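We number each residue from 1, following the sequence as shown. On a predicted model such as this, the values are computed, not experimentally measured, just so you know. As a basis for the values below, the full set of heavy atoms in this structure was taken, side chains included, without hydrogen atoms, waters or symmetry mates.
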Amino acid sequence: MSEISEHNNIRPEDAVPQYVWGKPEPSEDGESPVMIRRKIKNGYNWAGSIILWQQLFAFIIMMIITGIMSAKLTTQLLAENPDMDMNELTLTITQQVMQSDSMILVNAVTMVAANIISLAIVCGAKKQFKLKSVFGKSSLAGSSVLIAIIGAIGIQAASVLIQTLVTYITGISGVGNSLNNSLGFKDSFALNIVLFLYMVIAGPILEELLFRGAALNLLAPVDRKFALIASSLLFGLMHCNFNQIFNGFLLGLILGYIALKSGSIIPSIIMHMLLNLNVFIIGFIFEHKLAETIGIEAAAKAELIAFGVEAVIGIIALVILLKKHGRITENDIIIPEYSYVLEDSEEKKLTWQAFIKSPSIIISIIFCVFTACTLVTVGVGILNK
């Protein structure tokens, strides 16, 4: 605890506000132990609420947009087929709306708007939480960030291989066909531009602000390792399907690790952008171009080989990164003003125990697992038809 942090030059024990459990008097800024407990638990609640706000507004915005699209289609279909019954009309509208290429634009607009609104709500509620503080100058050298990027791509590739193996064994992908279609590479140049802007630019920036900017720091006042794992869990759960929960958790660990080690979310934003760009490029090469020339089955095998090479190189890079920078310590923190020094017994109560008892965390976990199970059920239903 005596070592000075490289990226903020502030010792955790010198951070403000602070309170060392065992002292009868409140901290210098007048915070009592009860106030500190409430502040820490309140931060956990707001971190968990990120998913709920995001999904709530995504649902509302999606309903509004698809409602407008459905209304227009209803008018058109009834004009063309006045005798169409209600069941046939509903089925036709659902198929046309969900399978339309315009759903790429709808999904992108919906998630961007939902992320912005949830970010505004969480950061607005935590007024003492200065989001601009997470954009500090990175203390990591460019070479370390590059190694981290290669390592993250390796983790991403390894998770794809594991998911492919699980899918092969079980026959269940865990993701509905409509989701795969909405994220796949399209023939339309305009739609690919929309997909690129969302996947490679808007999505990574907003998700890093939410999970490495807000959630990680709201969970970090007591223990950084706990904050890293808990925020990564939330990041994985946010994707709401079993494949991406697993992948999101692993990637969240390395994105959070780099954010904490660098004292800034700028490197994690760059990493997240390049991770999504990697998926975008591989999808274009193997699932679009090669599939047209050598066939879908051969292209799929070649894609798995490419992921295998990435996984091997990436895992080697990750080992090098961890040897160079070591484990997360209490000196690794983005916003030091929220650091507290607690006794071990109190620290245990105010990390995992408080986290799993947080109402918003419990609701978020139930919601995300339920959604993931629903997607699996839908996937099984499609396969059985």
Side-chain angles (χ1 to χ4, degrees), residues 44-67 70 94-95 97-100 103-104 106-119 121-122 156 159-160 162-164 166-167 170-184 198-199 202-204 206-207 210-211 214-215 229-253 276 279 355-356 358-385:
Y44 295 176
N45 269 321
W46 279 107
S49 75
I50 287 173
I51 294 175
L52 299 179
W53 288 119
Q54 182 199 59
Q55 297 299 322
L56 172 64
F57 284 104
F59 176 79
I60 292 171
I61 296 166
M62 180 67 78
M63 288 300 99
I64 292 172
I65 296 176
T66 55
S70 298
T94 301
Q95 288 177 339
V97 169
M98 295 307 297
Q99 295 176 3
S100 170
M103 282 304 293
I104 292 178
V106 172
N107 286 336
V109 169
T110 296
M111 291 312 300
V112 167
N115 284 340
I116 290 173
I117 294 170
S118 59
L119 187 65
I121 290 173
V122 172
Q156 183 184 59
S159 70
V160 170
I162 293 170
Q163 290 161 25
T164 302
V166 171
T167 300
T170 64
I172 301 172
S173 70
V175 186
N177 284 352
S178 61
L179 179 63
N180 282 331
N181 291 337
S182 68
L183 296 178
Y198 171 63
M199 283 183 61
L206 291 171
E207 288 178 7
L210 281 167
F211 291 95
I229 297 171
S231 64
S232 300
L233 176 62
L234 292 177
F235 181 60
L237 287 170
M238 178 270 297
H239 292 86
C240 289
N241 70 72
F242 289 119
N243 283 355
Q244 289 185 301
I245 285 174
F246 175 73
N247 182 53
F249 173 71
L250 293 179
L251 292 178
L253 288 174
N276 285 8
V279 172
F355 180 80
I356 61 177
S358 166
S360 68
I361 300 293
I362 294 170
I363 296 170
S364 294
I365 292 173
I366 293 172
F367 171 82
C368 294
V369 171
F370 173 80
T371 303
C373 290
T374 301
L375 285 171
V376 170
T377 303
V378 170
V380 171
I382 292 172
L383 287 171
N384 290 335
K385 285 185 179 180

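Residues forming a ring pair (Phe, Tyr, Trp, His ring centres under 6.0 Å) with Phe246 (at least two apart in sequence, or on another chain): none.
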- Intermediate values then yes/no, side-chain contact (heavy atoms from CB on, under 4.5 Å), Ile121 and Phe57: CA-CA 11 Å; Ile121 290 173; Phe57 284 104; 3.5 Å; yes

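A side-chain donor-acceptor contact under 3.5 Å links Asn276 to the backbone of Met199. Between the side chain of Ser364 and the backbone N or O of Gly48 there is at least one donor-acceptor pair closer than 3.5 Å.
Contact detail for Ala114 and Ala58: the closest heavy-atom pair is CB-N, 3.6 Å. A pairwise comparison of heavy atoms in Leu52 and Ser360 identifies CD1-O, 4.0 Å as the closest pair. Shortest non-hydrogen contact noted between Ser231 and Phe211 is CB-O, 4.1 Å. Between Gln156 and Asn247, the shortest heavy-atom distance links the atoms CA-OD1, 3.9 Å. Contact record, Met238 with Ile51: N-CD1, 4.0 Å, taken as the closest heavy-atom pair.
Separating the CG atom in Leu56 from the CD1 atom in Ile61 is a distance of 9.0 Å, to the nearest 0.5 Å. Interatomic distance, CG of Asn107 versus CE of Met62, reported as 4.5 Å (0.5 Å rounding). How far CD1 of Ile60 is from CD1 of Ile117: 8.0 Å, rounded to the nearest 0.5 Å. Rounding to the nearest 0.5 Å gives a distance of 14.0 Å between CD1 of Ile363 and CD of Gln55.
Using cut-offs of 30° and 60° on the angle between ring planes, the pair Phe235 and His239 is perpendicular. Ring-plane geometry between Trp53 and Trp46 is classed as parallel, the angle between the planes falling under 30 degrees on a 0 to 90 degree scale with a further cut at 60.
No hydrogens or angles considered: a donor-acceptor pair under 3.5 Å links the side chains of Asn115 and Gln54.
Among Ile50, Ile361, Ile229, Ile365, the one residue that satisfies the side-chain contact (heavy atoms from CB on, under 4.5 Å) test with Leu234 is Ile361.
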